[in-house]
Protein chains: 2
Amino acid sequence: MELNSKQVTIIETAEKLFADRGYDGTSVRNIAEEAGINVAMISYYFGSKEKLLEALFSYRAEGTTQKLVSMLANKVLNPLEKVNMMIEYYIDKFYNQTSFHKIMSREQVASRRSAIAGLIQGFKKRNQQLIKEIIQEGQKAGYFTKNIDIPILMSTLIGSISHAVTTQHFYREINNLQDMPEDQFQKMMKKKLNAHFKFIFKAILTHEV
Amino acid sequence: MELNSKQVTIIETAEKLFADRGYDGTSVRNIAEEAGINVAMISYYFGSKEKLLEALFSYRAEGTTQKLVSMLANKVLNPLEKVNMMIEYYIDKFYNQTSFHKIMSREQVASRRSAIAGLIQGFKKRNQQLIKEIIQEGQKAGYFTKNIDIPILMSTLIGSISHAVTTQHFYREINNLQDMPEDQFQKMMKKKLNAHFKFIFKAILTHEV
DNA sequence: AAAAACTAAACAAATGTTTGATTAATATTA
DNA sequence: TAATATTAATCAAACATTTGTTTAGTTTTT
């Protein structure tokens, strides 16, 4: 879908507001006001509020799977290095698109918007298939142990990162880090999460620590 | 807060609807209709829709910390056994109160309802403190390694379980398990998650697999 | 008789969407 | 090039519903 600059403005404004207040907690007038446009423009460009959400999903989805595919094709990296790259990729993705992932994490709990549910289902299925291939490659090469439950492994990765990122305001308070600048906090968290998950995945995949 | 049976009906109906459609996606008339009561009864008993949500949180929160405290006090179990009990406890908790945790996981992403945010913050702070004590006990006794990042460890546990439970409809589809009866599916998932997290926690806490 | 529980109806405010008109940009013709 | 026609973009206002809450009265319980 081709988007002009005004459409992008609307989508990105909606993204911010949906992330902060939820889809149902955000009115089209909120979006219009924040984006500095007339309410009618939302219907004019997207048809409806719900289709705006779908447009947002399409907008953010493009190029997601691509990265994983190129990782899989890499012939230089061994399977564990690929897994580590995947971990880095997901952590970066969640931090770089926090607003979008807040919306996504809410929508996937129980989306009454079936078009969105279908899109999310599609991402998940596709990505999980790719990761399965990376892990199976490692198993064939004798790097990884057999009997790895990939859905649960992915749930651990996605669920943990998602939880850590979307609730970081709580962790700032719990650990008295309210005054730490955002970029510094993020840098710290990224580093910690990377080390943490690389350790966990190595333990699970190789049974070595 | 003392609750009569009608108030409990309202709270539990609201819980179900909030979990399925979100707080803002559920109207007081939805709740009234589903609960078979007059709309005015919600204001009459709880004051407002938002205070109903607060009442729901209080209703479900009671006795949560209690279990962890009694676990901590246990003198027979060694620290790793305590950690394993905690894992079992959280997995059971999420499965037994799925609706509530769906609401909670949505609210903690970014709650505009400060009273709720405060309550969640309270739970988290209290529970994390208790778990910290269990782990520190294990470190003093020489069972566990030093330098364990408890917030990230908890994020892994809570985030993963929460994600697995709240998105289990996706995992049914991805793994073609749509036809498996709910209780059988849950039993399977519980078993898998238990084994998975006990393995992970042992690896992190003891550096042994 | 007093208090509590319950109800239908009304309230104002907010919701997503459409209408009908106006302005701006682009294409076509003279 | 200048004038005109056509399409796209923008707007304020109106639309019908739906929202959470309150009122004023009735029924039930104590």
Side-chain angles (χ1 to χ4, degrees), chain A residues 1-59 103 106-107 110-117, chain B residues 1-59 103 106-107 110-117:
Chain A
M1 187 189 177
E2 289 287 310
L3 297 172
N4 64 40
S5 71
K6 189 147 282 187
Q7 286 171 306
V8 172
T9 304
I10 294 172
I11 287 181
E12 292 182 348
T13 306
E15 181 181 48
K16 199 174 122 242
L17 293 177
F18 288 162
D20 289 345
R21 322 160 151 222
Y23 174 82
D24 288 308
T26 306
S27 76
V28 288
R29 281 173 184 81
N30 293 152
I31 299 167
E33 200 181 342
E34 184 82 12
I37 52 124
N38 189 284
V39 233
M41 296 309 291
I42 292 170
S43 297
Y44 177 72
Y45 275 130
F46 301 97
S48 67
K49 185 189 175 186
E50 190 162 332
K51 287 203 185 118
L52 167 59
L53 181 63
E54 289 172 37
L56 164 58
F57 267 79
S58 306
Y59 177 66
I103 299 167
R106 266 194 291 241
E107 281 296 320
S111 186
R112 299 176 67 224
R113 293 161 274 278
S114 59
I116 300 299
Chain B
M1 188 187 177
E2 289 288 311
L3 296 171
N4 64 42
S5 72
K6 190 147 280 187
Q7 286 172 308
V8 171
T9 304
I10 295 172
I11 287 181
E12 290 181 348
T13 306
E15 181 181 47
K16 198 174 123 241
L17 293 176
F18 288 163
D20 288 345
R21 323 160 150 223
Y23 174 83
D24 288 308
T26 307
S27 76
V28 289
R29 281 174 184 79
N30 293 152
I31 300 167
E33 200 181 342
E34 184 84 10
I37 52 128
N38 189 285
V39 235
M41 296 309 292
I42 292 170
S43 296
Y44 177 72
Y45 276 129
F46 301 97
S48 69
K49 184 189 176 187
E50 190 163 334
K51 289 208 185 110
L52 166 61
L53 180 63
E54 290 172 36
L56 163 59
F57 267 79
S58 306
Y59 177 67
I103 300 167
R106 264 195 291 241
E107 281 296 322
S111 185
R112 298 176 68 224
R113 293 162 274 279
S114 59
I116 299 300

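Order of the sequence lines fixes the chain letters, A, B, ..., with proteins taken first and strands second; residue numbering starts at 1 for each chain. Basis for what follows: all heavy atoms, side chains included, without hydrogens, waters or symmetry-related copies.
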### Message
Between A:Ile31 and A:Leu52, is there a side-chain heavy-atom distance shorter than 4.5 Å?
### Response
yes
### Query
Base, sugar-phosphate, or nothing: which does A:Tyr45 touch, judged by heavy atoms less than 4.0 Å apart?
sugar-phosphate
### Message
Taking the side chain as everything from C-beta on, heavy atoms only, tell me whether B:Ile10 gets closer than 4.5 Å to B:Phe46.
### Response
yes
### Query
Any side-chain donor paired with an acceptor under 3.5 Å for B:Tyr59 and B:Glu12?
yes
### Query
Expressed in angstrom and rounded to an integer, what is the separation of A:Asn38 atom CG from C:dA21 atom P?
17 Å
### Message
Heavy-atom nearest nucleotide on DNA chain C for B:Lys6 versus B:Val39: which residue maps closer to 5'?
### Response
B:Lys6
### Message
If I compare all heavy atoms of B:Ile103 with all of B:Ala19, which pair ends up nearest, and what's the gap?
### Response
CG1-N, 3.7 Å
### Integer-rounded Å distance: C:dC6 C1' and B:Ile37 CD1
10 Å
## Note on the structure
The first and last nucleotides of DNA chain D lying within contact of chain B, meaning any atom under 4.0 Å from one of its heavy atoms, run from D:dT19 to D:dT22
### Overall bend - the helix from C:dA1-D:dT30 to C:dA30-D:dT1, comparing terminal axes fitted on five pairs, nearest 10 degrees
10°
### Message
If you define the side chain from C-beta out and look only at heavy atoms, does anything of A:Asn30 sit under 4.5 Å from A:Glu34?
### Response
no
### Summary
From CD1 of B:Ile42 across to P of C:dA5 the rounded distance in Å is 16 Å
### Query
Looking at A:Ser48, does any N or O in its side chain come under 4.0 Å of the phosphate oxygens OP1/OP2 on C:dG16?
no
### Query
Rounded to the Å, how far apart are A:Tyr23 OH and C:dT15 C1'?
12 Å
### Message
As an exercise, state the distance from NZ of A:Lys51 to CG of A:Leu53, rounded to the nearest 0.5 Å.
### Response
12.5 Å
### Message
Could you tell me how far apart A:Ile31 (CD1) and C:dA14 (P) are, to the nearest whole angstrom?
### Response
17 Å
### Task
Nearest whole angstrom, please: distance from the C1' of C:dA8 to the CD of B:Glu33.
16 Å
### Query
Between atom CD in A:Glu50 and atom C1' in C:dT15, what is the gap in whole Å?
15 Å
### Message
Once rounded to the nearest 0.5 Å, what's the spacing between atom CZ of A:Arg112 and atom OG1 of B:Thr26?
### Response
7.0 Å
### Task
Would you indicate whether the side-chain heavy atoms of B:Lys49 and B:Tyr23 approach each other to under 4.5 Å?
yes
### Message
Between B:Asp24 and B:Arg113 (salt bridge meaning N to carboxylate O under 4.0 Å), is one present in this structure?
### Response
yes
### Task
Looking at every strand, decide which applies to B:Ser27 at a 4.0 Å heavy-atom threshold: base, sugar-phosphate, or nothing.
sugar-phosphate
### Nucleotide C:dT15, atom P - distance to NZ of A:Lys49 in whole Å
8 Å
